[in-house]
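Following: one structure in structure tokens, then a few remarks.
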Amino acid sequence: MTESLTLELKPSKIYLILSLSIHLLLIFCTWYYFHNIWLSIGISIVLASHLYYFSRKILLLNNNSTKKITINNNSIVVENNQNKSNKYPHFYCEYQSTLLVIISAGKESVIIFKDSLENQSLSGLNRILGKNTKC
């Protein structure tokens with residue numbers, strides 16, 4: 001019997017809030033501790049541009065962001081925003097915690113935040129990963 005699971009990924013709220021908080025704290029520290037206004041302005045511009053670039057990755061708006069994963073007993077198919085899909089014959093769970101799962105497929109690592117999945121998908125993912133890998 002072949003078990004298959006398709007996961008539609010959505011942005012992780014926990015990761016977005018955490019990264020926004022860290023960036024805002026860094027901008028606050030820049031203005032509070034640096035006494036040179038030009039240094040504060042320069043670092044703030046760099047942090048703001050990094051926040052823009054990083055938030056596009058978190059919100060899954062980049063072309064190479066993973067939007068759909070299909071896991072079978074024997075393979076994993078990863079689809080990105082450009083509707084390009086890569087099929088990997090072997091995969092294994094690299095890391096698993098209460099907040100995130102990292103699946104290694106070929107030379108690529110697929111990072112899945114557990115709050116970006118529905119509860120039924122999360123239990124199915126845990127079942128398939130527990131059956132196929134030692135994570």
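To the nearest 0.5 Å, the span separating OG1 on T30 from CG on L47 amounts to 5.0 Å. For the atom pair CD1 (I102) and OH (Y92), the distance works out to 10.5 Å, reported to the nearest 0.5 Å. To the nearest 0.5 Å, atom CD1 of residue I76 and atom CD of residue E108 are 9.0 Å apart. Distance check: T66 OG1 to L7 CG gives 11.5 Å after rounding to the nearest 0.5 Å. Note that CD of E8 is 10.5 Å distant from CG of L117, once rounded to the nearest 0.5 Å. Between E79 atom CD and S65 atom OG the span is 12.5 Å, to the nearest 0.5 Å.
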Just list the side-chain donor-acceptor pairs under 3.5 Å for residues 51-62, sequence neighbours left out, or say none.
{"from": "S55", "atom 1": "OG", "to": "L51", "atom 2": "O", "distance (Å)": "3.0"}
{"from": "S55", "atom 1": "OG", "to": "Y52", "atom 2": "O", "distance (Å)": "3.0"}
{"from": "R56", "atom 1": "NH2", "to": "L61", "atom 2": "O", "distance (Å)": "3.4"}

Which atom pairs, one a donor and one an acceptor, fall under 3.5 Å between side chains of residues 9-26 and the rest of the protein, sequence neighbours left out?
{"from": "S12", "atom 1": "OG", "to": "Y15", "atom 2": "N", "distance (Å)": "3.3"}
{"from": "S12", "atom 1": "OG", "to": "D115", "atom 2": "OD1", "distance (Å)": "2.6"}
{"from": "S12", "atom 1": "OG", "to": "D115", "atom 2": "OD2", "distance (Å)": "3.2"}
{"from": "S19", "atom 1": "OG", "to": "Y15", "atom 2": "O", "distance (Å)": "3.1"}
{"from": "S19", "atom 1": "OG", "to": "L16", "atom 2": "O", "distance (Å)": "3.1"}
{"from": "S21", "atom 1": "OG", "to": "I17", "atom 2": "O", "distance (Å)": "2.8"}
{"from": "H23", "atom 1": "ND1", "to": "S19", "atom 2": "O", "distance (Å)": "2.9"}
{"from": "H23", "atom 1": "NE2", "to": "H50", "atom 2": "ND1", "distance (Å)": "2.9"}

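When the side chains of ILVMFWY residues are joined at heavy-atom separations under 4.5 Å, either directly or via intervening members, Y33 and I43 end up in two distinct hydrophobic clusters. In the hydrophobic cluster analysis, where Ile, Leu, Val, Met, Phe, Trp and Tyr join through side-chain heavy atoms closer than 4.5 angstrom, F28 is grouped apart from W31. A continuous path of Ile, Leu, Val, Met, Phe, Trp and Tyr side chains, each step under 4.5 Å between heavy atoms, connects I41 with F34, placing both in one hydrophobic cluster.
Each of V78, V77, V110, I103 was checked for a side chain to side chain contact (heavy atoms under 4.5 Å, CB included) with I71, and the lone residue meeting it is I103.
The two residues F91 and S75 come nearest to each other via the heavy atoms CE2-O, 3.7 Å. The heavy-atom pair separating K114 from T98 by the smallest distance is CD-O, 3.5 Å.
Side chain of K84 to backbone of N64: no donor-acceptor contact under 3.5 angstrom is found.
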* To do: Please report the C-alpha distance between K67 and N83 in whole Å, then the side-chain angles of each, then the deciding distance to 0.1 Å, and finally whether the side chain to side chain contact (heavy atoms under 4.5 Å, CB included) criterion is met.
  => CA-CA 9 Å; K67 73 172 188 177; N83 293 327; 2.9 Å; yes
* **Criterion side chain to side chain contact (heavy atoms under 4.5 Å, CB included) on I27 and Y32, from CA distance to verdict** => CA-CA 9 Å; I27 290 174; Y32 189 76; over 6 Å; no
